[in-house]
Amino acid sequence: MLTTRPRGTNDILPGEISKWHHLEEVLRQVAGLYGFQEIRTPIFEHTELFQRGVGETTDIVEKEMYTFFDRGNRSLTLRPEATASAVRAFVEHKLYAETQPVKLYYLGPMFRYDRPQAGRYRQFHQFGVEVFGTREPGVDAEVIAMSMDIYQRLGLKNLTVELNSVGCPACRRSYRTMLQEFLEESKEKLCGICQNRFDKNPMRILDCKNENCQELTKNAPTINDALCDDCRDHFTGVQEYLNKMGVEYRLNPRLVRGLDYYTLTAFEIMAEGIGAQASIGGGGRYDGLVEQCGGPPVPGIGYAMGLERILLTMEQQGIDRATSKSVQVYIASLGEKARLVGAALAQELRGKGITVEKDYQDKSLKAQMKAANRYNASYTLIIGEEELKNEEVVLRRMQDSSQEVIPLDGIIAYLAGEIKEGDDKR
RNA sequence: GUGGCUGUGGCGAAGUGGUUAACGCACCGGAUUGUGGCUCCGGCACUCGUGGGUUCAAGUCCCAUCAGUCACCCCA
């Protein structure tokens, strides 16, 4: 226990950090391009925020929250998602008083107490955006386009955007009864899970994986049949924008998202080959949420993507950015005095922006050369007794094994010159 | 929360109940004087996840537990 990480968590080790850096860099860059500004909210919130924001009946709230009491006996919860927090901050700081829309993005860890499996962890990372203050279909389209833009820049292929409209609360209510009426007769024949869903969330029955259920719902009415004029207009508006913007998508009238707050636009981005958890991002509109969280009636839309799943997909598609530690100069020294000189040289070189690694343990020269090789050093400086006495250093070019003796007081300038030239050639 | 599979050195992986638990990679050291990448030689396991049990004898069988993994529910 002492030496194992908590279940469902991961250490990101030095060997894999570069792909995270790369991913985060792309995310921030694209967010900037689309005019989003970062918001950082606490990693825990009052439990009631999620109960209210995410929805009492959702799985997240019912069984997946990390809830604890602090010393003041307040109930707090590690955030399972960030939309509720963003909404809270939006309301708390009265951002609705600023020019609308307000476009925010966030990036960080989320927590859900769930059984880990491929692409699912108890602590995972999400990047997400929220747009408050407008319900123009063009914004919905832009948010979808932006997410695809990100995936493309990362080099991901074979992704599908699934699009649907879940309507306004009124549409959903009427559709719900419509669906229940349709299924009433065959209710007994549905699988056990779906019989459960019949009352709780009948729309979920539509995307049950059970073949029998699929067959039974084949001719079921879709949400599109139940949309009011206003919702229908909005939905066609989103599609019109997407078409114009050249974003491909697949209409999926059975797409239902799990959180209670979604209205109108719902979308999900699916990847292949990363196991059962194929959704690498998703989002939708939440026009009633701000008000429900105690703010004014401000519409909003957002999406979130799971970074672990993106990385998994990249790996699966052979987009690999693993890098090993590498260094421009390695300083090998023999003996205490030489090591001191080496340390001084290292400082000077680093001051010139050159990456340096050196020996700290008085290893044999052979061992130091091996180390230099492992670090992928372009140059190795060797300082031994001989060199110390003559105020010189041996400069060895690792690539062709050539070496020369340079006066100690000239080595910095010499190396700085060499490395700059080398950089220019690239 | 439910189910399947798995758990041997840093990693990968043999081991069909019986003396000192293979091997590969990695790591460390060496192959005449202070020099890398190839080759050769050598070194590197006090708990075979943990705790019980069966047995004269268990890494090998049984039970429990923990963890990993995949899937379900659900989601990123």
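Just so it is clear, the values below take in all heavy atoms, side chains as well, and ignore hydrogens, waters and symmetry mates. A note on names: the letters A, B, ... follow the listed sequences, proteins ahead of strands, and every chain is numbered from 1.
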Does A/Gly119 reach a base, just sugar-phosphate, or nothing at all? Heavy atoms under 4.0 Å. base
A/Ile383 backbone acceptor or donor facing A/Ser333 side chain under 3.5 Å: no
Looking only at atom P, what distance separates B/G4 and B/U65, rounded to whole Å? 13 Å
Validation row, ring centre A/Phe132 to ring centre A/Phe90 under 6.0 Å: yes
Mind checking the P distance from B/A14 to B/G9? Whole angstroms is fine. 13 Å
Hydrogens and angles aside, do A/Asp114 and A/Tyr121 bring a side-chain donor and acceptor to less than 3.5 Å of each other? no
pair_partner(B/U2), Watson-Crick or wobble, both distances < 3.5 Å, evaluates to B/A71
Say we look at B/U50 and B/A58: how far apart would their C1' atoms be, to the nearest angstrom? 16 Å
For B/A21, give its Watson-Crick or G-U wobble partner with both distances under 3.5 Å, or none. none
If B/G7 has a Watson-Crick or G-U wobble mate with both distances under 3.5 Å, name it; if not, just say none. B/C66
Can you tell me, in whole Å, how much space there is between the C1' of B/A13 and that of B/A21? 13 Å
Are any of A/Arg7's side-chain N or O atoms less than 4.0 Å away from OP1 or OP2 of B/G68? yes
What does B/G43 pair with, Watson-Crick or G-U, if both distances are under 3.5 Å? B/C27
Run the numbers on A/Tyr66 and A/Arg122 for side chain to side chain contact (heavy atoms under 4.5 Å, CB included), then give the verdict. CA-CA 9 Å; A/Tyr66 275 95; A/Arg122 289 185 173 182; 3.2 Å; yes
Report yes if a donor N or O on one partner sits less than 3.5 Å from an acceptor N or O on the other, where the partners are the side chain of A/Lys63 and the base of B/C74; otherwise report no. no
Which of the following nucleotides, B/A76, B/U69, B/A71, is nearest to the side chain of A/Ala118? B/A71
In whole Å, what separates the C1' atom of B/G36 from that of B/C44? 23 Å
Watson-Crick or G-U wobble mate for B/A13, both contacts under 3.5 Å: none
Under 4.0 Å, heavy atoms only, any strand: does A/Ala367 hit a base, just the sugar-phosphate, or nothing? sugar-phosphate
Whether the side chain of A/Arg115 and the base of B/G3 hold a donor-acceptor pair under 3.5 Å is what I'd like checked. yes
Per-nucleotide protein contact along nucleotides 4-10 of chain B, 5' to 3', at a 4.0 Å heavy-atom cut-off (B base, S sugar-phosphate only, - neither), is -------
Distance-only side-chain donor-acceptor flag, A/Glu130 / A/Tyr286, under 3.5 Å: yes
When we call it a touch if two heavy atoms are under 4.0 Å apart, what does A/Gly8 touch: a base, just sugar-phosphate, or nothing? sugar-phosphate
Taking the six-membered ring of A/Phe50 (Phe, Tyr or Trp), confirm whether the NZ or CZ of A/Arg79 is under 6.0 Å from its centre and within 45° of its axis. no
Verify whether one side chain among A/Glu142 and A/Tyr241 offers a donor that lies under 3.5 Å from an acceptor in the other. no
Kindly state whether the ring of A/Phe127 and the ring of A/Tyr105 have centres lying under 6.0 angstrom apart. yes
Whole-angstrom distance between B/G43 and B/C25, as gauged at atom P: 15 Å
Between A/Asp140 and A/Arg285 (salt bridge meaning N to carboxylate O under 4.0 Å), is one present in this structure? yes
Considering only the P atoms, how many Å lie between B/C48 and B/G53, rounded to the nearest integer? 16 Å
Would you say a side-chain N or O of A/Gln117 is under 4.0 Å from OP1 or OP2 of B/U69? no
Scan side-chain atoms only and decide if A/Glu45 and A/Thr77 contain a donor-acceptor pair under the 3.5 Å cut-off. no
Interatomic distance, A/Ile205 CD1 vs B/C72 P [rounded to whole Å]: 18 Å
Using a 4.0 Å heavy-atom cut-off to protein, can you give one letter per nucleotide of nucleotides 34-45 of chain B, 5' to 3': B if the base is in contact, S if only the sugar-phosphate is, - if neither? BBBB--------
5′-ward residue of the pair A/Gly282/A/Lys363 relative to RNA chain B: A/Lys363
Are the charged groups of A/Lys19 and A/Glu315 less than 4.0 angstrom apart, N to O? yes
Answer with base, sugar-phosphate or nothing: what part of the nucleic acid does A/Ala372 contact at a heavy-atom distance below 4.0 Å? nothing
If the P atom of B/A57 is compared with that of B/U19, how far apart are they to the nearest Å? 14 Å
